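First the structure, in the form of structure tokens, and then the observations on it.
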There are 2 protein chains.
Amino acid sequence: MYVGIMQNSGYTIQIMAERCGMTAHTLRYYERVGLIQPVGRAHNGHRRYSDADEAWINFLHCMRATNMPIREMQRYAELRELGDSTSEQRRKILEDHQAAIAEQITQLQQAHALLMHKIANYKAIEQRIRIDQPALSEPEIDCAIESVG
Amino acid sequence: MYVGIMQNSGYTIQIMAERCGMTAHTLRYYERVGLIQPVGRAHNGHRRYSDADEAWINFLHCMRATNMPIREMQRYAELRELGDSTSEQRRKILEDHQAAIAEQITQLQQAHALLMHKIANYKAIEQRIRIDQPALSEPEIDCAIESVG
DNA sequence: GTACATCTTTGAGCGCGCTCAAAGTCAAGG
DNA sequence: CCTTGACTTTGAGCGCGCTCAAAGATGTAC
């Protein structure tokens, strides 16, 4: 039996899922694993999400979308429950993740540049085929990052 | 019994794994699922990787590192085996992946900016704690991407 | 000769992050 | 009253990408 706050106002789980770009399944899962604190309920036991919940869920979504592991998000969520005294630990988590993001961006940018080259190479090959000189086509260049950077 | 080319020169699987920043397990797995064509063997049946293999493996590594699914890499590898006539299809795959990379970069950059704000906010909270005015501390801001712009 | 390292194969197992199935509750509509 | 639909819970299942275990072959060192 649920003994928390009863509130018939707020977003339903479906609405919340749509607003945050995730599924109701995922919202329940996040609550189960402690990423979201037990949320308010309507008189019939159905979840009702507040705007504060939405802000937090959007934050979670943003962290997941940038490949923060669930475990680390759990750690962060736990610290958050403990209040301001955990500020430094939480900040460290965010700083670490920010660094991880920076690395990811670097990787992606290198790959993006590599693809520019390969795509240009394909266009050249197609052009050669188009003017009917297949005998002149070179072997494909499978250049890796280091041959680009 | 293997009946391919016997070559005692080339890189061993361990060396290749180190050079490409992956494990020998993964190299065998990639060969099993068709991402890598059957590679040369020494007289004792051990794999021997060539420089051309290395270039291709580095490319695979780069695509995986930027979240191209194995399935799509398989599709690309198959087309590659079919020669120049598949150039356009392969180019499309690369262009699609390049677009996916661009989207990822955007997401990551937004998250990076969001973390800048949140980290600054944490520093402010810590500063307030340090000068012993905990009563003035505001509730944490869990601002999401949209509140960052 | 015999240990040891390094490789081989095949199939199974695992960690992650959902995703779904089953069975049940409740409120509204016809 | 009965159906419909949106929700609830719990536990199981799944897709992905490895990762490993087991059993065996081979080459080198002592």
Side-chain angles (χ1 to χ4, degrees), chain A residues 1-36 38-49 53 57 60-77 97 100, chain B residues 1-36 38-49 53 57 60-77 97 100:
Chain A
M1 189 179 69
Y2 180 72
V3 291
I5 295 165
M6 295 287 177
Q7 53 179 79
N8 289 314
S9 66
Y11 308 112
T12 67
I13 195 165
Q14 276 304 330
I15 297 297
M16 200 61 195
E18 282 162 28
R19 287 179 73 102
C20 296
M22 41 212 308
T23 69
H25 288 308
T26 302
L27 286 178
R28 290 196 204 93
Y29 167 69
Y30 278 13
E31 194 172 328
R32 252 203 291 189
V33 300
L35 286 179
I36 300 170
V39 75
R41 300 285 180 146
H43 65 283
N44 58 2
H46 290 192
R47 287 175 181 80
R48 289 291 179 271
Y49 291 88
D53 293 328
I57 292 165
L60 292 177
H61 189 53
C62 180
M63 293 302 98
R64 269 304 300 143
T66 54
N67 304 306
M68 180 181 276
I70 295 277
R71 275 199 189 288
E72 198 145 335
M73 292 168 61
Q74 285 171 323
R75 225 162 57 77
Y76 184 89
H97 185 54
Chain B
M1 190 179 69
Y2 180 72
V3 292
I5 295 164
M6 295 289 177
Q7 54 178 78
N8 289 314
S9 67
Y11 308 112
T12 68
I13 194 166
Q14 276 303 331
I15 297 298
M16 200 60 196
E18 283 161 27
R19 287 179 74 101
C20 296
M22 43 212 308
T23 69
H25 288 307
T26 303
L27 286 178
R28 289 194 205 94
Y29 168 69
Y30 278 14
E31 194 173 327
R32 251 204 291 192
V33 301
L35 286 179
I36 301 170
V39 75
R41 301 286 180 142
H43 65 282
N44 60 3
H46 291 192
R47 288 174 179 81
R48 290 292 180 268
Y49 291 88
D53 292 329
I57 291 165
L60 292 176
H61 189 52
C62 180
M63 294 301 98
R64 270 303 300 143
T66 53
N67 303 306
M68 180 181 276
I70 295 278
R71 274 196 190 290
E72 199 145 335
M73 291 167 61
Q74 285 171 323
R75 225 163 57 79
Y76 184 88
H97 186 54

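Source: prediction; values computed, not measured. Order of the sequence lines sets the chain letters (A, B, ...), proteins ahead of strands, with each chain counted from 1.
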Look at all strands and tell whether B:Arg47 reaches a base, only sugar-phosphate, or nothing, counting heavy atoms closer than 4.0 Å. sugar-phosphate
Mind checking B:Arg64 for me? I need base, sugar-phosphate or nothing, with any heavy atom below 4.0 Å counting as a touch. sugar-phosphate
Return the value, rounded to whole Å, for the distance between atom [atom1] of [X] and atom [atom2] of [N].
X       : N      : atom1 : atom2 : result
A:His25 : D:dC7  : NE2   : C1'   : 12 Å
B:Leu27 : C:dT6  : CG    : C1'   : 15 Å
A:His43 : C:dC26 : NE2   : P     : 10 Å
B:Ile13 : C:dA5  : CD1   : P     : 19 Å
A:Ile15 : D:dG5  : CD1   : C1'   : 14 Å
A:Asn44 : C:dA28 : CG    : P     : 9 Å
A:Tyr30 : C:dC18 : OH    : C1'   : 8 Å
A:Arg28 : D:dT10 : CZ    : P     : 12 Å

Is the closest side-chain heavy-atom distance between A:Thr12 and A:Arg47 below 4.5 Å? no
Determine: side-chain N/O of A:Gln14 to OP1/OP2 of D:dC7, distance under 4.0 Å, yes or no. yes
Report yes if at least one side-chain N or O of A:Thr12 is closer than 4.0 Å to OP1 or OP2 of D:dC7; otherwise report no. yes
Work out which heavy atom in B:Asp53 is nearest to a heavy atom in B:Met16; give both atom names and the distance. C-CE, 4.1 Å
Between [options], which one does the side chain of [X] approach most closely?
X       : options                : answer
B:Arg41 : C:dC7, C:dT9, D:dT10   : C:dT9
A:Tyr29 : D:dT9, C:dG17, D:dC18  : C:dG17
B:Arg32 : C:dC20, C:dT10, C:dC18 : C:dT10

So, taking the atom named CZ in A:Arg64 and the one named CD1 in A:Ile57, what distance separates them when rounded to the nearest 0.5 Å? 15.5 Å
Taking A:Val33's backbone N and O only, do any of them form a donor-acceptor pair with A:Gln74's side chain (distance below 3.5 Å, no angle check)? yes
Decide yes or no, distance alone: a donor-acceptor N/O pair under 3.5 angstrom between the base of C:dG17 and the side-chain of A:Arg71. no
Just checking, any donor-acceptor pair under 3.5 angstrom between side chains of A:His97 and A:Thr66? yes
